[in-house]
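Report on the structure given below.
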Amino acid sequence: MNSSNDNTRHPNPRRRFLQSAAGLATVIVLPQALLGCGGGSDNDDDGPLRLAVLSDIHLYDSTQLGSSSELDAYLLQDRKMIKESVEIFDAALAAIVADKPDALLISGDLTKDGERVNHELLAARLQTLRAQGIRVFVIPGNHDVANPDAKDFRTVPATAAAQADAATFATIYANCGYGNAIARDPASLSYVAEVGDGVWLFAIDSCRYAESASPSAPITAGRVRAATLSWLQTWLAKAKERGVVALGSMHHGLIEHFPGQSTFFPEYLVEDRQNLAAAFAAAGLTVVFTGHYHAQDIVRASYGGVTVHDVETGSTVTAPSPYRLATIDRAARTLAIESGTVTATTGHPQDFVAWSRDYLETGLETLVTALLTSAPYSVPAPTAAALVPLIVPAMVAHYAGDEKLTDAGVAATLQAMAQSSDAMTAMLGGFVLGLWSDPQPGDNTLAITL
C-alpha cells in the first residue's frame, strides 16, 4: 500500500477510555516479524497479545546449494552453525508453536547470504505457521538483499547463486508483512503493519544494499535514510493520534550494548544512532527489537526524558540459539519478555547444548587469534595465545546474556590490563571488561511499563 493511503481503523471507545485512564500516549516499537503471514488480527481487543521473536537465522539449504570443501573452509573462519541452520530453525519453530503466540517476528539475516533458494525455503516454512494461526513478519538483514556473496557450493570453486533484490524480497515475503501492510515506505523495505488490535509494528529497513559502491563488497553497517525517518515519523504521529501502541523492529542495534562496541564493532550499530534514538523517543517509538550482533542483550537509555529499550535477540546459529516470547497486556500497558533456547535438534537430539557451545568456542578461538595477529593489532602469536582464553569466555557469555564475571583472578587480570601504560594492552583489557559489563535491565527476562 502506498504511504499516502490511510485506511486504518480508529480504536473503539473502550480502548480509548483505557488509554486515557492510564494516561499513556506513548507509542512503542515492536518487531517486524509479528505483523505478517496473514491479514488483520483476530486477537481479542483487550486481552494479552503474545509475540515470538527470532533473529539472524541465516538459513542455508545444503540440499540445494551443496556442502563442499570450500564451504568447510569458509566455516572455519565463521562462528555460525550454517550447515545446521535448518534443523535448528525447525526446533526453534516447534518450541515457539508450542507456546501458541499470536505472531512471530524475525529481525533480519534470514539467509546465509541472500540466496533466493534460501529465501524461498524460509517462506515455505513460515507459510506452515498460518495453519497454526500464527502470523509472521520479517525484515531484511545485511545478508539478505542483493548480496554478491550468494554462492552455490555444489562445485569447487563455488559459483554465483541467484540472489534476491529488494523487489523480489518483498514478493517472496508478501504473506509475511509486505502484502498486508498498512503502509509501505517508497524509499526502503520498511513498512507498518497491524500486529494485533490496536498494536502496530514499525518494521524498519536499516540495510544499505542499495548504496554499495562496489558490487563485490556488501555493506555490513546500517543506516536509516532521511526519507525513511520522515516517513516513520509521519506514521508514528498517526499511531499516536489513534492511541495505538507502536512497536519496532530493526536489524542493526540502536543503543550501544557494551562499552566500546561503537569503537570495536561500529558496523553493528545503526549510523547516527543517538540522534535516531532521540527522534524515535520524541515520536513515541520506545521499544525496538534488533539483532545483528548475535547476542541476547537488552539495553536502555533516556532521550529527552523518554526511555528507549533496544531488545537485541541472539542468533539461532550461534549458541545458545535463543528466542524470545513477549506478552503485551493492552489493558495494563505492560510488556513482559521471556526467553528460551533450542536444546535439541534432529542431528543432535541429546548433545546439542554442549555441542553447539563447543562449536562456538572453537570457532571463536580461531577467529580471535586471526584478529589479534593481523593488522591493526599485530599481536605476537605467544601473546595472542595468552589473550584468547580471556577474550573467548567473555564473548560466549555476552552471546547468552545476563553475563557475570565470577572469577576473581580473571577480573584482577583484566583490571590490570585496562590500567596498563601500554595502549594496546589497556584497550584489550577495557574491551573484555566491557563485554562482562551488563548493567540493568536483565537480558532474558524483563517487564516494561509502556
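The number of heavy-atom neighbours closer than 6.0 Å to CD of Glu338, taken from other residues, nucleotides and ligands shown, is 12 or below.
Side-chain atoms of Arg125 do not come within 3.5 Å of backbone N or O of Leu121 as any donor-acceptor pair. Asp329 places no side-chain N or O within donor-acceptor distance of the main-chain N or O of Pro48, the cut-off being under 3.5 Å. Judged purely by atom type and a 3.5 angstrom limit, His143 has no side-chain atom pairing as donor or acceptor with the backbone of Gly114. In this structure, the side chain of Glu256 engages the main chain of Gln261 through a donor-acceptor pair within 3.5 Å. Judged by distance alone, the side chain of Glu312 and the main-chain N or O of Ala295 form a donor-acceptor pair under 3.5 Å. With Arg357 contributing its side chain and Ala319 its backbone, the two residues share no donor-acceptor pair below 3.5 Å. In this structure a side-chain-to-backbone donor-acceptor pair under 3.5 Å is present from Tyr178 to Leu189. For the pair Asp113 (side chain) and Pro148 (backbone), a donor-acceptor distance under 3.5 Å is absent. Under a 3.5 Å cut-off, the side chain of Thr413 and the backbone N or O of Gly409 do form a donor-acceptor pair. The backbone N or O of Ala400 lies less than 3.5 Å from a partner atom in the side chain of Asn444, making a donor-acceptor pair.
Two residues are said to be in side-chain contact when any heavy atoms from C-beta on lie closer than 4.5 Å; Cys207 and His252 meet this criterion. Counting heavy atoms from C-beta outward, Leu54 and Thr313 have side chains that stay 4.5 Å or more apart. Within the 4.5 Å cutoff, side-chain heavy atoms of Arg324 are placed close to those of Ile298. A 4.5 Å side-chain heavy-atom check between Val97 and Ile134 finds at least one atom pair inside the cut-off. Using a 4.5 Å heavy-atom threshold, the side chains of Trp235 and Trp200 count as touching. A heavy-atom distance below 4.5 Å is not found between the side chains of Leu435 and Phe264. Residues Met417 and Leu390 are in side-chain contact: their nearest non-hydrogen atoms beyond the backbone lie under 4.5 Å apart. Contact annotation: the side chain of Asp205 never approaches that of Thr228 to less than 4.5 Å [non-hydrogen atoms, C-beta and beyond].
The two atoms that bring Arg116 and Gln163 nearest to each other are CB-O, 3.9 Å, heavy atoms only. Closest approach of Ile255 and Val308 over heavy atoms only: CD1-O, 3.5 Å. Residues Ser55 and Ser107 share a closest heavy-atom pair of OG-OG, 2.9 Å. Taking both residues in full, the closest heavy atoms of Thr341 and Pro320 are given as CB-O, 3.2 Å, listed atom of the first, atom of the second, then distance. Counting all heavy atoms, side chain and backbone alike, Ile391 lies closest to Leu372 at CD1-CD1, 4.0 Å. When all heavy atoms of Pro393 and Val388 are compared, the closest pair comes out as CD-O, 4.0 Å.
Between His292 and His257, the ring centre distance reaches or exceeds 6.0 Å. Aromatic rings from Tyr173 and Tyr191 are positioned such that their centres are separated by 6.0 Å or more.
Distance check, rounded to the nearest 0.5 Å: OH of Tyr60 to CD1 of Ile82 gives 9.0 Å. Taking CZ from Phe280 and OG1 from Thr286, the interatomic distance works out to 11.5 Å, rounded to the nearest 0.5 Å. Note that the CG atom of Leu367 and the OG1 atom of Thr362 stand 12.0 Å from one another [nearest 0.5 Å]. To the nearest 0.5 Å, the span separating OG on Ser356 from CE on Met81 amounts to 5.0 Å. Remark: Leu269 CG to Gln274 CD distance equals 10.0 Å, nearest 0.5 Å. Taking OG from Ser188 and CG from Leu232, the interatomic distance works out to 7.5 Å, rounded to the nearest 0.5 Å.
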Practice item. Show your working on side-chain contact (heavy atoms from CB on, under 4.5 Å) between Asp438 and Lys404 and close with a plain yes or no. Key: CA-CA 7 Å; Asp438 188 34; Lys404 186 176 182 180; over 6 Å; no

Point to revise | From CA spacing to verdict: side-chain contact (heavy atoms from CB on, under 4.5 Å), Met427, Thr263 | key: CA-CA 10 Å; Met427 180 186 66; Thr263 299; over 6 Å; no

Exercise for review: Show the numbers, then the answer: is there a side-chain contact (heavy atoms from CB on, under 4.5 Å) between Lys238 and Ile182?
Suggested key: CA-CA 11 Å; Lys238 293 178 186 289; Ile182 294 170; over 6 Å; no

Exercise for review: Give the C-alpha distance, both sets of side-chain angles, the deciding distance and a yes or no for side-chain contact (heavy atoms from CB on, under 4.5 Å) between Tyr377 and Leu371.
Suggested key: CA-CA 8 Å; Tyr377 306 108; Leu371 182 67; 4.1 Å; yes

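Scanning for salt bridge (Lys or Arg N to Asp or Glu O under 4.0 Å) contacts around Glu403 gives an empty result, with sequence neighbours left out.
Between Phe258 and Phe431, the two ring planes are perpendicular [angle over 60°; tilted spans 30° to 60°]. Between His348 and Phe352, the two ring planes are tilted [angle within 30° to 60°].
Ion pairing between Lys80 and Asp56 fails under the 4.0 Å rule for side-chain N and carboxylate O.
For Glu84 and Thr345, the side-chain atoms include no donor-acceptor pair closer than 3.5 Å. In the model, Thr111 has a side-chain atom that pairs as donor or acceptor with a side-chain atom of Asp144 under 3.5 Å.
The ring-ring contact (aromatic ring centres under 6.0 Å, His included) test with His398 singles out one residue from Trp436, Tyr293, Phe265, and that residue is Tyr293. Partner of Asp402 under the side chain to side chain contact (heavy atoms under 4.5 Å, CB included) criterion, out of Asp443, Thr445, Asp297: Asp443 alone.
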